[in-house]
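Here's the structure, in structure tokens; my notes come after.
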Amino acid sequence: MKITLTLLLLISATFAVNAQTWVAPKSADAIENPFTGNKDAIKKGKKLFASMCVICHGFKGKGDGVAGAALSPKPANFTSKTIQAQTDGALFWKLTNGKAPMAAYKDMLTKEQRWQLVNYLRTFKK
């Protein structure tokens, strides 16, 4: 069977995209956000984001922070429809458990702080 170079490149690109897709388990979707719409939580999340996340995700959450340039896969763009379409529970699960190069925050941040970050991430929605 003869496979063209174009087909090989297409298959390779498809596997690369799939390998970089990070999906939380379906059970994470059921985790409810206890701080939905809480302005104080958003304010605190913004402070946490500035101190812990900007370096990789950038000031505007686009995944363009200075340290993020060297990472593979690249940091998430929180303004994207793909990220914003995820449930709060899925985002909380990802912050909690991490996946290299994204750190796991379950031992560094309290549950409340992780929810504050989730609430702040929602402010990036266009």
Side-chain angles (χ1 to χ4, degrees):
M1 179 188 279
K2 197 173 188 180
I3 298 178
T4 66
L5 180 58
T6 304
L7 182 57
L8 284 173
L9 290 173
L10 179 62
I11 292 168
S12 176
T14 300
F15 282 117
V17 168
N18 289 337
Q20 292 184 11
T21 302
W22 183 18
V23 179
K26 193 71 180 154
S27 60
D29 292 338
I31 303 170
E32 292 189 34
N33 183 342
F35 299 99
T36 300
N38 182 313
K39 291 181 182 184
D40 188 50
I42 293 169
K43 184 178 174 183
K44 289 177 180 176
K46 183 176 183 176
K47 287 181 182 178
L48 285 167
F49 188 86
S51 67
M52 300 185 74
C53 310
V54 164
I55 191 77
C56 294
H57 293 280
F59 288 100
K60 295 185 180 183
K62 293 185 177 184
D64 59 355
V66 292
L71 297 176
S72 180
K74 296 296 180 202
N77 175 350
F78 298 126
T79 68
S80 75
K81 289 180 183 179
T82 303
I83 297 296
Q84 290 296 325
Q86 295 176 34
T87 64
D88 286 356
L91 295 175
F92 179 82
W93 185 92
K94 289 179 177 185
L95 284 170
T96 300
N97 296 290
K99 179 181 175 185
M102 173 67 192
Y105 287 128
K106 69 178 163 194
D107 294 329
M108 290 188 267
L109 298 174
T110 66
K111 282 185 179 181
E112 185 172 345
Q113 288 173 315
R114 285 178 271 146
W115 280 119
Q116 290 166 351
L117 278 171
V118 169
N119 284 295
Y120 181 65
L121 296 182
R122 291 299 183 202
T123 68
F124 292 115
K125 188 175 184 176
K126 288 186 174 183

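Quick note: residue numbers are just sequence positions, from 1.
Annotation: side-chain hydrogen bond (donor to acceptor under 3.5 Å, both in side chains) contacts of Arg114 (sequence neighbours excluded): Thr96. Asp64 is linked by a salt bridge (charged side-chain N to carboxylate O under 4.0 Å, His left out) to nothing, counting only residues two or more places apart in sequence or in another chain. With sequence neighbours left out, the side-chain hydrogen bond (donor to acceptor under 3.5 Å, both in side chains) criterion links Asn38 to no other residue. Not counting sequence neighbours, the partners of Asn33 by the side-chain hydrogen bond (donor to acceptor under 3.5 Å, both in side chains) test are Asp88, Asn119. Remark: Ser27 pairs with Pro25 by the side-chain contact (heavy atoms from CB on, under 4.5 Å) rule, at least two apart or across chains. Taking the side-chain contact (heavy atoms from CB on, under 4.5 Å) definition, one finds that Leu121 meets it with Phe49, Phe78, Phe124, sequence neighbours left out. In terms of the salt bridge (charged side-chain N to carboxylate O under 4.0 Å, His left out) criterion, Lys81 has no residue partners (sequence neighbours excluded).
Closest approach of Ala104 and Met108 over heavy atoms only: O-CE, 3.1 Å. For the pair Arg122 and Ile83, the tightest heavy-atom approach, listed with the atom from each and the gap, is NH1-O, 4.0 Å. Counting all heavy atoms, side chain and backbone alike, Pro73 lies closest to Pro101 at CD-CD, 3.5 Å. Across all non-hydrogen atoms, the minimal contact from Ala50 to Val54 is CA-CG2, 3.6 Å. Of all the heavy atoms in Ala28 and Thr87, the pair that sits closest is O-OG1, 4.3 Å.
Within the structure, the side-chain hydrogen bond (donor to acceptor under 3.5 Å, both in side chains) test picks out no pair touching residues 46-57 (sequence neighbours left out). Pairs passing the ring pair (Phe, Tyr, Trp, His ring centres under 6.0 Å) check and including a residue from residues 81-109, sequence neighbours excluded, read Phe92-Trp115. Note on residues 32-45: pairs passing salt bridge (charged side-chain N to carboxylate O under 4.0 Å, His left out), not counting sequence neighbours, are Asp40-Lys44. For residues 27-47, no pair satisfies ring pair (Phe, Tyr, Trp, His ring centres under 6.0 Å), with sequence neighbours left out.
Leu71 and Phe59 end up in different hydrophobic clusters when Ile, Leu, Val, Met, Phe, Trp and Tyr side chains are linked at under 4.5 Å.
Hydrophobic side-chain contacts under 4.5 Å tie Ile55 into a cluster, directly or through other members, with Val66.
Put simply, the side chain of Leu109 reaches to within 4.5 Å of the side chain of Leu117, judged on heavy atoms.
Judged by distance alone, with hydrogens and angles left aside, the side-chain atoms of Lys74 form a donor-acceptor pair with the main-chain N or O of Ala69 at under 3.5 Å. In this structure, Lys94 contributes its side chain and Met102 its backbone to no donor-acceptor pair below 3.5 Å.
Annotation: the span from Gln116 atom CD to Ile42 atom CD1 amounts to 10.5 Å, rounded to 0.5 Å. Summarising the geometry, atom CD belonging to Glu112 is positioned 10.0 Å from atom CG belonging to Leu48; distances are rounded to the nearest 0.5 Å.
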